[in-house]
A.B. asks: 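Sharing a structure, written as structure tokens. Questions coming.
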Amino acid sequence: MPVHALYLLVRLSLRSHRWHRHSDFARYADDFDDASKLGDAYQILCNRRSPTGLKQQILKPEHNETQEGGSLNTAIDLTLESDEEDLLITKSISTHSSPGDYCLESSTSTLDLTFHATSEEHAELADLLGMLSKEELEDLARKIKLPGHGKKGNIITALLSAADTQYTLSHFRRNEYVTGNKGAIITFGARLRALCMGQIGCCIRINPAVLTLLRRINLIFFRTPVYEGHLFVPAILVASHKRVYHRYITTRTPDIFPDRCSLLEYELSLELERGCEASVEDYKQLTSTKELSTKERQAVEETILEFYRRVLDCFKVSLERRTRSQSLLGRVLERFEPGHVYTRTLHHIAPIVGKIDGVESEATILQSLLAQNRWHCGKRGGWYDRLALLHMKDKTTEQLRRAYKLVTVALLDESTLLRYKPKLIRRLKRLEHQLKLAPDERHACDGDLERCQDVYILGCRIRPCAQDSKGTESAAGKTIWEGSQGVPLGVEDYALEHYARLGFRGKHCEGTLVRFIFALLFHDILFMQVPGAFETPYQTAPLDLVMDTFYTSRKEVIDARLKQILNGDALVFADKTDSEHRKDRTFFVGGKWDAFERHEILEILECMKPSVIHDICLQQIQDFEASGGGVPDLIVWNHSSLDVRFVEVKSASDKLSETQKLWIHTLLSAGATVEVCHVETEEDQKKRNKNGRKSQMNVRSRSNGRSLEYSTAKWSRSGINQEQSIGSPPGAANLLLSDDELPPEVVQVSSLRKRGLSVSERVTSGLEKRRKI
């Protein structure tokens, strides 16, 4: 294939899979030394010679063309992010199909590669209409005297419906629409097609088999654990000098996919996940629209249920397959197993399936997920909690007891992460109250999450308003507040103004700060050579960062670094990493160079206590996947007084989430100053005072640093007291469940060991053992 034809093939393949009108690719003519090569490339890809004048039509867009596809002078954007014209494709012509189509397309052993692309002769009328802009569709509807107002999808539907029911005579305005024998009957669809071609000119669509092959090459080379919407993006950005990755040693695992069938099944799992996510997104958009027909809703719901059944069946089959070795390399490469993708898909789709098909179906998903301990074990705590909640919806004693036993098993399970335990403990207490257990049968805990002081500031709120279909105004979106200069501000920016008057500098950064601190202090450890961690030179982090193997495979160096941080050396490591990588803007996880200037991040670290920095990094090590959420909104600091504060900003009606409470406790326990800043109006203040909530302006700051262990509790049952950490199983000394007592939907994993403990023996969980680092 000539280079110019190959160039056009690659450029179109990197865009979304759809029909491209000539204005979409006419600008590529500027990339050739001879502009006529674009017409030759079009002919070669379509395996035909173009009709008379087609080459000139490709090189010169018609005068009434819209700016949808750009002009000949448009610069080539090598970032290859979503093109604006891609957003104009309607849902009715979307590329994702039914679950069965994904299975057929991905698992086909032979692909039809006899042609590279198809031309406009093979385009359906719906495809041609989909390439027109909304303005062009409205103009087309006016020409054929049809209603042409509303959304683009509605106009296309009306035009297609008219094409199926009407016809015309060719001798009426024959020369304007089609040519043929006088008096010959032609369909209205043919007339509509001729009008579309007059607007579009010529078009092309890449062969789906070619795209499948290119996507498979992308998957094998980049080892992507998720579906990639655009192909070869990292390599292109590096080649165009728009992105710089850290240089590290890569080791390609030759048998990451044992055989071709494993590769095809993994490819299928990613396609199913992508189709499932697209259907769920359609469902959310449709349900948020009040003008939704029952037929449309049922169609989307049925598609989601088809995906659910298909994914669940594939998940069960994956469980029966042989597993990888439990070596370090084997555990890291588990993410390339289809079961890993199916587990992730079921986790995300479970709540939607519960809404559509009832809680029984959601419970089935959760039971299936809990029955395995191979993939996404860090989410087991959430599965336990959700399944217990489903049992609690039925107020019968039997269901409440099942939920009670399920929660106790969750707290005994070593895979239950710290972020789930406060909620599970509260659910346990609620169940004990509903079951009316005797006091000596209940679990008691005197260690609660620490709470920071509340700060209240007054302001003038400007509510953004929206109008519904009846013209009624209602509050919509985030609240806007009037700033000191009369400028509208968001609630976080308004709070920053308040702290600026107190002499603080500040940033609205949320989880960006803790991730950036961790990236600066552990950069060399993140990119140290570990088996299976780096498969390609285009990674922003090791593959095992979100797994427990991240710590176990680097235990000695992580322990040493945490000790150095406690000794006050954090500033040294941050300064070294920043000076080496800020100039090139090295692209790695947590490296948000635009969020903080060099002097800002160094000042913040200088103001922080070593114990605070230590616990921030420890949170990332223990649970990187979830540690970026729930961090207070603002970081404010005064470098002259070495005063730094974490501030969570809330409007009058907002409440703290579970992850926010846990982060606030973590920071307070480490010795940080944390405030919850409530922005309210005078009316809100009156309501608060009326309800007995008094403003407290004295902010508590703990001076003694503590470990990440957020509380020490005393659990008692049957009159026996035992001091133990909240991270350990509640009542583990006396609450021993026999196999027949366990709820039938829970399959005990091998890591769950029932232990009988003496009164004087201290119970430590797997999390506490890790804290000893």
Side-chain angles (χ1 to χ4, degrees), residues 223-226 246 248-258 266 318-319 321-344 347 369 372-383 413-420 515 518-519 521-536 539-562 588-590 617-628 708 727 749-753 764-773:
R223 308 287 172 96
T224 53
V226 295
H246 180 69
Y248 48 81
I249 301 175
T250 60
T251 304
R252 302 280 290 186
T253 305
D255 58 346
I256 190 170
F257 300 108
Y266 183 72
S318 299
L319 287 175
R321 302 271 176 84
R322 63 181 181 86
T323 62
R324 295 180 185 267
S325 65
Q326 291 303 304
S327 63
L328 176 61
L329 179 60
R331 295 192 61 188
V332 172
L333 297 181
E334 281 181 353
R335 63 177 49 233
F336 295 105
E337 295 178 358
H340 188 275
V341 182
Y342 294 140
T343 303
R344 184 172 64 211
H347 169 75
L369 294 175
Q372 58 85 32
N373 64 335
R374 291 167 55 186
W375 304 299
H376 294 282
C377 291
K379 294 181 171 62
R380 291 180 65 84
W383 300 336
D413 193 338
E414 294 178 356
S415 298
T416 302
L417 297 179
L418 177 64
R419 67 177 185 262
Y420 299 112
R515 288 285 169 85
F518 176 69
L521 301 184
F522 284 80
H523 181 268
D524 55 333
I525 297 176
L526 282 170
F527 292 97
M528 66 182 296
Q529 188 174 9
V530 173
F534 296 100
E535 295 283 338
T536 74
Q539 292 180 214
T540 60
L543 291 176
D544 62 343
L545 181 58
V546 297
M547 305 172 66
D548 56 359
T549 57
F550 175 75
Y551 170 70
T552 57
S553 59
R554 304 166 179 84
K555 183 178 184 302
E556 294 182 0
V557 291
I558 290 178
D559 289 349
R561 182 60 49 85
L562 289 173
F588 57 86
V589 64
C617 294
L618 194 58
Q619 279 279 64
Q620 311 300 306
I621 295 170
Q622 293 175 345
D623 190 7
F624 185 85
E625 185 177 13
S627 59
L708 189 64
V749 297
S750 59
S751 62
L752 179 60
R753 299 181 178 88
T764 56
S765 66
L767 177 64
E768 287 183 302
K769 293 177 182 178
R770 190 182 294 181
R771 289 199 189 108
K772 292 181 180 180
I773 64 178

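All figures in this text were calculated on a predicted structure; none of them were measured in a lab.
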A.B. asks: Output the distance between atom CG (Asp413) and atom CG (Asn373), rounded to the nearest 0.5 Å.
C.D. replies: 8.5 Å
A.B. asks: For Thr343 versus Trp383, what's the shortest heavy-atom pair and its separation?
C.D. replies: CG2-CH2, 3.9 Å
A.B. asks: His246: which residues meet the side chain to side chain donor-acceptor pair (under 3.5 Å) condition with it, sequence neighbours left out?
C.D. replies: none
A.B. asks: Taking all non-hydrogen atoms of both residues, which atom of Ala626 and which atom of Arg419 are closest, and how far apart?
C.D. replies: CB-NH1, 3.1 Å
A.B. asks: Taking the side chain as everything from C-beta on, heavy atoms only, tell me whether Leu543 gets closer than 4.5 Å to Arg223.
C.D. replies: no
A.B. asks: Main chain of His340, side chain of His376: is a donor-acceptor contact present, judged purely on distance under 3.5 Å?
C.D. replies: yes
A.B. asks: Side chains of Thr253 and Leu333: does their closest heavy-atom pair fall under 4.5 Å?
C.D. replies: yes
A.B. asks: From Leu418 CG over to Asp623 CG, what is the distance, rounded to the nearest 0.5 angstrom?
C.D. replies: 8.5 Å
A.B. asks: Which value, rounded to the nearest 0.5 Å, describes the distance between Tyr266 atom OH and Arg335 atom CZ?
C.D. replies: 8.0 Å
A.B. asks: Can you sort out the partners of Arg554 under salt bridge (Lys or Arg N to Asp or Glu O under 4.0 Å), two or more places apart, ordered by chain and number?
C.D. replies: Asp544
A.B. asks: On a heavy-atom basis, which atom in Val589 and which in Leu526 lie closest, and how many Å separate them?
C.D. replies: CG1-CD1, 4.3 Å
A.B. asks: State, with a plain yes or no, whether a side-chain heavy atom of Thr549 is found less than 4.5 Å away from one of Val530.
C.D. replies: no
A.B. asks: Less than 6.0 Å separating the ring centroids of His523 and Phe527?
C.D. replies: yes
A.B. asks: Rounded to the nearest 0.5 Å, what separates atom CZ in Phe336 from atom CD in Glu535?
C.D. replies: 6.0 Å
A.B. asks: Can you name the side chain to side chain donor-acceptor pair (under 3.5 Å) partners of Arg515, sequence neighbours left out?
C.D. replies: Gln620
A.B. asks: Looking at every heavy atom in both Leu369 and Arg380, which two are closest together, and how far apart are they?
C.D. replies: O-NH1, 4.0 Å
A.B. asks: Please report the shortest heavy-atom distance between Arg374 and Leu319, naming the atom on each side.
C.D. replies: NH1-O, 3.5 Å
A.B. asks: Could you tell me which residues satisfy ring pair (Phe, Tyr, Trp, His ring centres under 6.0 Å) with Phe522, sequence neighbours excluded, listed by chain and number?
C.D. replies: Phe518
A.B. asks: Who passes side chain to side chain donor-acceptor pair (under 3.5 Å) against Gln539, sequence neighbours left out?
C.D. replies: none
A.B. asks: If you round to the nearest 0.5 Å, how far is OG of Ser553 from CE of Met547?
C.D. replies: 9.5 Å
A.B. asks: Among residues at least two apart in sequence or on other chains, which ones pass side chain to side chain donor-acceptor pair (under 3.5 Å) with Thr416?
C.D. replies: none
A.B. asks: Is a side-chain N or O of Gln622 found less than 3.5 angstrom from the main chain of Gln619, in a donor-acceptor match?
C.D. replies: no
A.B. asks: Ring centres of Phe624 and Phe550 under 6.0 Å apart?
C.D. replies: no
A.B. asks: Is any side-chain heavy atom of Lys379 closer than 4.5 Å to a side-chain heavy atom of Leu417?
C.D. replies: no
